[in-house]
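Encoded as structure tokens, the structure appears first; notes follow it.
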Amino acid sequence: MENKAAAKRVGCLYRVSTQKQVNVEDDIPMQRNACMEYIKKMPEWELAKEYIEPGVSGYHKGLNDRKVLQEVIKDVGDKKIDVLLVFMFDRIGRKDNETPFLLKRIVECGVEAWSVCEGQQTFENSSDNLMNIIRFWGANTESKKTAARVDSGRNYATKKGKFTGGIVAYGYRLAPTGKWDRKNRMINELIKDPFESGVVQDIYAKLIDENMSLNGIAVYLNEDRRLKTRKGNKWNTSTIRNMLKNPLYKGYMSYGKTRMREVEKTNGEEVTKETFLDVKRRQRPVPSGQWVLAEEANPDYAIVSEERWQMAQEILERRYKKYTDHLRPAGDRTWKSSLLLVGLLECGCCHGKISSAVSSKKIHKADDSTARKYTEFYKCNARGRDKRLCPAKSYISRFRLERAVLEEVNHVLDRMGQIDCSQQLVHSQKVLLEESAMELKELTALKKEYERVQGHIEKFQQEIYKAVIGESDFDPKYINECLKRAEEKAEEIRKKEETLEKAVQTKRLAADGYVKTNETAPVWREVFEEAPLNIRKKLLSILIEKIVAADHQIDIYFKADISRFFECSGQDSGQ
């Protein structure tokens, strides 16, 4: 009884980094069995409590984000355990700026720190402190190396078009292949889900064909189709935006769309000693230009064509510019108005924008009740703010203006249907494809140069590490300067790559557009007359750059593509 009363209470901590490790090779049971065998060798020890952390990264998560570790710290402070036992000390954590100080604090609180593989950690002299810091510095470095190896492997697999794990995008599902990997786990393949892929196509159609807002698409999915997300939640604009930006829907596997980053303290609070180490790391989005994409599209993954996917990106980018620059582009106008020309009109007197306006008047009905009649019309924005800014009329009749514009548009559409310039368009397409092929060669050379510079960066980083431990013959300042220049050059090459990629894609889409214009021109008049209001607005924004309206004159400026179409036929667009 005396021995039992004098026994030291032992708390055992078991941790694995990811959810995949929880049941792989019985990792946690292995740690537990090792700790139990170690306790048997210590007659004065008895197990008091076990702390289990399944799927928690000791490198990415700080102590304030780990509930189980917080429980350990509380029990240490409350003197509920006398010994903290782990399989290896890196089970406590792998953060070199945090874990060694935590371990030292635990020992200073009177709790012994033991590891099955490394024995007891004491702090009796300066060498103990140094060994403690070196141990977790090594664990932190090993975590970085492991992360780099995993990242490199996933980058390579993604470029080859392989699915590397993670959350399965909406529109797809995993199907078992009947094959097993080296860890005896079933290998799954990514395939399209028939129902969900149809929803994805519907989302793109609403954005591109009907120019519906993201909020409108969310309302359509939630209320009209009564659909839920895969998690059973309502659709929102951020979910739809992320789906529209996902290159997997055009057949390109991607990786690295988010990265673990430190959350900056932007609330203006003073950084104290307690909050200095309280640095939170969260998944944050990465600019699309830095994503890792497959080298070739996989047609088995494609739900929408590359052209439609690119059109969606242009619409989203245009809308973003509208909100950031306070612009109202013609291709993204207010679609709630019943006026046909909203967003295309410019005042011929002050060259300001002409927008829609509504007037109302009270009317008396036969049953002595009253109601209000609303009439929409066009007006100059500058004139509306101050009559002295513009001499134009306050009221522009929608019927007169729209009738005059539609007469000219129908005339142009009739001419387009009668023109055959297929040979000229094919020639223009060939020229554009040749130019894009030359730019593609230049892009390939830039990618090789980028890889070469990245190799230099890695070598400089390795040399810095050698300089820190005293094994380098070079001055660390010189190495840092070379590293900085190499990183600047890599960033310059990356920006050139991004510019060339956009140029190649734009020319290829334009080349496809030439032929498509020739194919669709004969039926545009028919489509325009029978289409609903939103589609007619969309077609007008494709045809017309702007309309300048003055008191007695209306000038219509057609877009460059339409002008080229008439140039190929040797005719004038009639602008």
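No hydrogens, no waters, no symmetry mates; every other heavy atom, side chains included, goes into these values.
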Residue pair Glu408, Asn410: steps toward the side-chain hydrogen bond (donor to acceptor under 3.5 Å, both in side chains) verdict: CA-CA 5 Å; Glu408 181 61 25; Asn410 289 334; over 6 Å; no

Residues Met253, Leu293; criterion side chain to side chain contact (heavy atoms under 4.5 Å, CB included); working and verdict: CA-CA 6 Å; Met253 189 64 68; Leu293 294 180; over 6 Å; no

Full working for side-chain hydrogen bond (donor to acceptor under 3.5 Å, both in side chains) between Asn215 and Thr237: CA-CA 6 Å; Asn215 185 63; Thr237 55; over 6 Å; no

Worked verdict on Glu407 versus Arg403 for side chain to side chain contact (heavy atoms under 4.5 Å, CB included): CA-CA 6 Å; Glu407 285 179 0; Arg403 182 171 62 250; 3.9 Å; yes

From CA spacing to verdict: salt bridge (Lys or Arg N to Asp or Glu O under 4.0 Å), Glu498, Arg494: CA-CA 6 Å; Glu498 187 175 348; Arg494 189 191 65 77; 3.4 Å; yes

Step-by-step side chain to side chain contact (heavy atoms under 4.5 Å, CB included) determination, Tyr557 to Ile547: CA-CA 6 Å; Tyr557 294 83; Ile547 302 170; over 6 Å; no

Side chain to side chain contact (heavy atoms under 4.5 Å, CB included) assessment of Ile396 paired with Phe377: CA-CA 6 Å; Ile396 303 176; Phe377 59 94; over 6 Å; no

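Taking 4.5 Å as the limit, every side-chain heavy atom of Ser359 sits out of range of all side-chain heavy atoms of Tyr374. Contact of the Phe399 side chain with the Leu401 side chain is not registered, since no non-hydrogen atoms from C-beta on lie closer than 4.5 Å. Contact annotation: the side chain of Leu221 approaches that of Val199 to within less than 4.5 Å [non-hydrogen atoms, C-beta and beyond]. Taking 4.5 Å as the limit, some side-chain heavy atom of Leu248 sits within range of a side-chain heavy atom of Tyr172. A 4.5 Å side-chain heavy-atom check between Val168 and Arg230 finds at least one atom pair inside the cut-off. Contact check for Ile556 versus Ile544: side-chain heavy atoms found under the 4.5 Å cut-off. For the pair Val405/Leu340, no side-chain contact is recorded, criterion being any heavy-atom separation below 4.5 Å from C-beta on. The shortest side-chain heavy-atom distance between Leu227 and Asn222 does not fall under the 4.5 Å cut-off.
Lys448 places no side-chain N or O within 3.5 Å of a backbone atom of Leu443 that could act as its donor or acceptor partner. Side chain of Glu295 to backbone of Lys160: no donor-acceptor contact under 3.5 angstrom is found. Using a distance-only test at 3.5 Å, with no hydrogens or angles considered, no donor-acceptor pair links the side chain of Glu497 to the main chain of Tyr450.
By the neighbour-count criterion of 12 heavy atoms within 6.0 Å, atom CD of Glu189 is densely surrounded, having more than that number from other residues, nucleotides or ligands. The environment of Lys206 atom NZ is dense: over 12 non-hydrogen atoms of other residues, nucleotides or ligands sit within 6.0 angstrom. At most 12 heavy atoms of other shown residues, nucleotides or ligands fall within 6.0 angstrom of atom CZ in Arg226.
Rounding to the nearest 0.5 Å places CG of Asn381 at 9.0 Å from OG of Ser356. To the nearest 0.5 angstrom, Phe163 atom CZ is 13.0 Å from Asn298 atom CG. We find the CD1-OG1 distance between Ile240 and Thr229 to be 10.5 Å, quoted to the nearest 0.5 Å. Once rounded to the nearest 0.5 Å, the distance linking CD1 of Ile363 with NZ of Lys373 reads 7.0 Å. Taking CD1 of Ile203 as the reference point, atom CD1 of Ile208 lies at 11.5 Å (rounded to 0.5 Å). Note that the CD atom of Glu346 and the NZ atom of Lys353 stand 6.5 Å from one another [nearest 0.5 Å].
Across all their heavy atoms, Ala175 and Ile191 have their closest contact at CB-CD1, 3.7 Å. Between Ala490 and Gln454, the shortest heavy-atom distance links the atoms CB-NE2, 4.0 Å. Closest heavy-atom contact between His364 and Thr370: ND1-CG2, 3.3 Å. Between Trp235 and Lys228, the shortest heavy-atom contact is NE1-C, 3.6 Å. When all heavy atoms of Ala486 and Ile457 are compared, the pair lying nearest together is CB-CG1, 3.7 Å. Looking at every heavy atom in both residues, Glu402 comes nearest to Tyr378 through OE2-OH, 2.7 Å.
Looking at residues two or more places apart in sequence or on another chain, you find a side-chain contact (heavy atoms from CB on, under 4.5 Å) between Glu481 and Arg485. By the side-chain hydrogen bond (donor to acceptor under 3.5 Å, both in side chains) test, Asp367 is found to be paired with Ser369, residues two or more places apart in sequence or in another chain being considered. With sequence neighbours excluded, the residues that form a side-chain contact (heavy atoms from CB on, under 4.5 Å) with Asn236 are Ser238, Thr239. Applying the salt bridge (Lys or Arg N to Asp or Glu O under 4.0 Å) test to Lys496 and every residue at least two apart in sequence or in another chain returns Glu492. Under the side-chain hydrogen bond (donor to acceptor under 3.5 Å, both in side chains) criterion, Asp202 pairs with Tyr220, Arg225, not counting sequence neighbours.
By the 4.0 Å N-to-carboxylate-O rule, Glu451 lies too far from Lys447 to be salt-bridged with it. Using a 4.0 Å cut-off between charged nitrogen and carboxylate oxygen, Arg173 and Glu196 do not count as a salt-bridge pair.
Note on residues 241-252: no pairs pass side chain to side chain donor-acceptor pair (under 3.5 Å), not counting sequence neighbours.
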